[in-house]
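What's counted below: heavy atoms across the whole structure, side chains too, no hydrogens, waters or symmetry copies. Because the structure is predicted, anything quoted here is derived from the model rather than measured. Position 1 is the first residue of the sequence; numbering continues from there.
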Amino acid sequence: MNQNYNMPTSTEEDYIKAIFKITERNQGTASTNAVAAHLSTSAASVTDMLKRLSEKEYFHYEKYKGVYLTNKGRELATQLIRKHRLWEYFLVEKLNFNWDEVHDIAEQLEHVKSDKLIEKLDSYLDHPKYDPHGDPIPNAEGKFTIRTQISLFNLAVGEEAVVVGVKEHDTPFLQYLDQLKINIGTKLKVISQIDFDHSKEILIDNNSQSVLSHKASTNIYVKKRMFS
C-alpha cells in the first residue's frame, strides 16, 4: 500500500513537469498562479495538489512564495520530458505524423511506467539527441545535449543560419511554418528588416522569400553558419 501511495499519478506527474518547466524558465520558484496558468486550472486546485504532493517529497512548498523541486522531483520531471520527446520523435520519424500533431499524443504516452520500454524505444530510434521541434532529449542519466543557438530575431541583415528549433509548439504556429516551408534544417538568410515593427524579410532555402513578424522570428531558434 505504501509503495502504491508513493507512486505519482498521471495528474501528479503533470504538476511536477509543469513546475520543472516554470522554474527552469524563471530560474527560481513556481508560484501557485503560474502553475494554475500552465495547467489551465484553478489556483485553489493547485494549492490542494501541492500540499498533497509535498508529502511525497517531490518538491518544497512555501506559502506565499511557491514551490521548487527536490532532486527527486527534478529526476522524475526529467524522465517525463525524456519519454515525451522520445515519443514525439517516434511519431514523426516512424509513423509519419506532422510535427504539429504529436504533442497531445506524447502527453498521454509520457505516463507509461515501463522503463524497459523507454530504453528499448531509445535504442530502436538510435538514441536521438533532439525531438522534432529541436528540443534536447535527456539521456537515461537525465543529461541534456546543449548547443549554441539564437533567436532568428537576433540575426542581422545579410546573415545566414539554419533552423535548429522552435520555442512555440502551438499547432497554429507550426502549421504557419509548414506553409512557409520552414522546418528543422531549413536554411534562412535575412534580406532586410523593417524598423517599424521589427519584422524581417527572409530568404528560405535559397528559394522563396517571406516576411516574418517580430513574434514569429523570436520563436524560431537558429544556428549561424556560412552557406556556399
Distance from Glu159 atom CD to Asn154 atom CG, nearest 0.5 Å?
-> 9.5 Å

Please examine the side chains of Pro136 and Arg85, heavy atoms only from C-beta on, and report whether any two atoms are closer than 4.5 Å.
-> yes

Would you tell me whether Asp131 and Trp99 have side-chain atoms, one donor and one acceptor, within less than 3.5 Å of each other?
-> no

salt_bridge(Lys83, Glu88) N-O dist < 4.0 Å = no

Cluster check Leu80, Val102: I/L/V/M/F/W/Y, side chain < 4.5 angstrom | no

Decide whether Ser199 and Asp197 meet the rule of one side-chain donor and one side-chain acceptor closer than 3.5 Å.
-> yes

Going by atom types only, do Glu57 and Thr70 share a side-chain donor-acceptor pair under 3.5 Å?
-> no

Following the transitive rule for hydrophobic clusters with a side-chain heavy-atom cut-off under 4.5 Å over Ile, Leu, Val, Met, Phe, Trp and Tyr, establish whether Leu203 and Ile220 coincide in one cluster.
-> no

Do the side chains of Leu125 and Pro128 get nearer than 4.5 Å, heavy atoms only?
-> yes

Compute whether any side-chain donor of one residue and acceptor of the other, for Lys223 and Gln149, lie under 3.5 angstrom apart.
-> no

Flag yes if more than 12 heavy atoms outside Asp115 fall under 6.0 Å of its CG atom; otherwise flag no.
-> no

Ring centroid separation for His103 and His133, is it under 6.0 angstrom?
-> no

Check whether NZ of the Lys or CZ of the Arg Lys167 lies under 6.0 Å from the centre of the six-membered ring of Tyr221 and within 45 degrees of that ring's axis.
-> no

Could Glu160 and Lys224 be called an ion pair, given the rule that one side-chain N must be under 4.0 Å from one carboxylate O?
-> no

Indicate yes or no: does Lys17 engage Glu107 in a salt bridge with an N to O separation below 4.0 Å.
-> yes

Between Glu168 and Lys215, is there a salt bridge with N-O shorter than 4.0 Å?
-> no

Are any non-hydrogen side-chain atoms of Lys72 and Leu76 less than 4.5 angstrom apart?
-> no

Does Glu110 come within less than 4.0 Å of Arg82, counting only side-chain N to carboxylate O?
-> no

Taking the six-membered ring of Tyr130, is the NZ or CZ of Arg147 close enough (under 6.0 Å from the centre) and on axis enough (within 45°)?
-> yes

Counting heavy atoms not belonging to Lys113, are there more than 12 under 6.0 Å from its NZ?
-> yes

Ring-face cation of Lys94 near Tyr124 (centre distance under 6.0 Å, axis angle within 45°) = yes

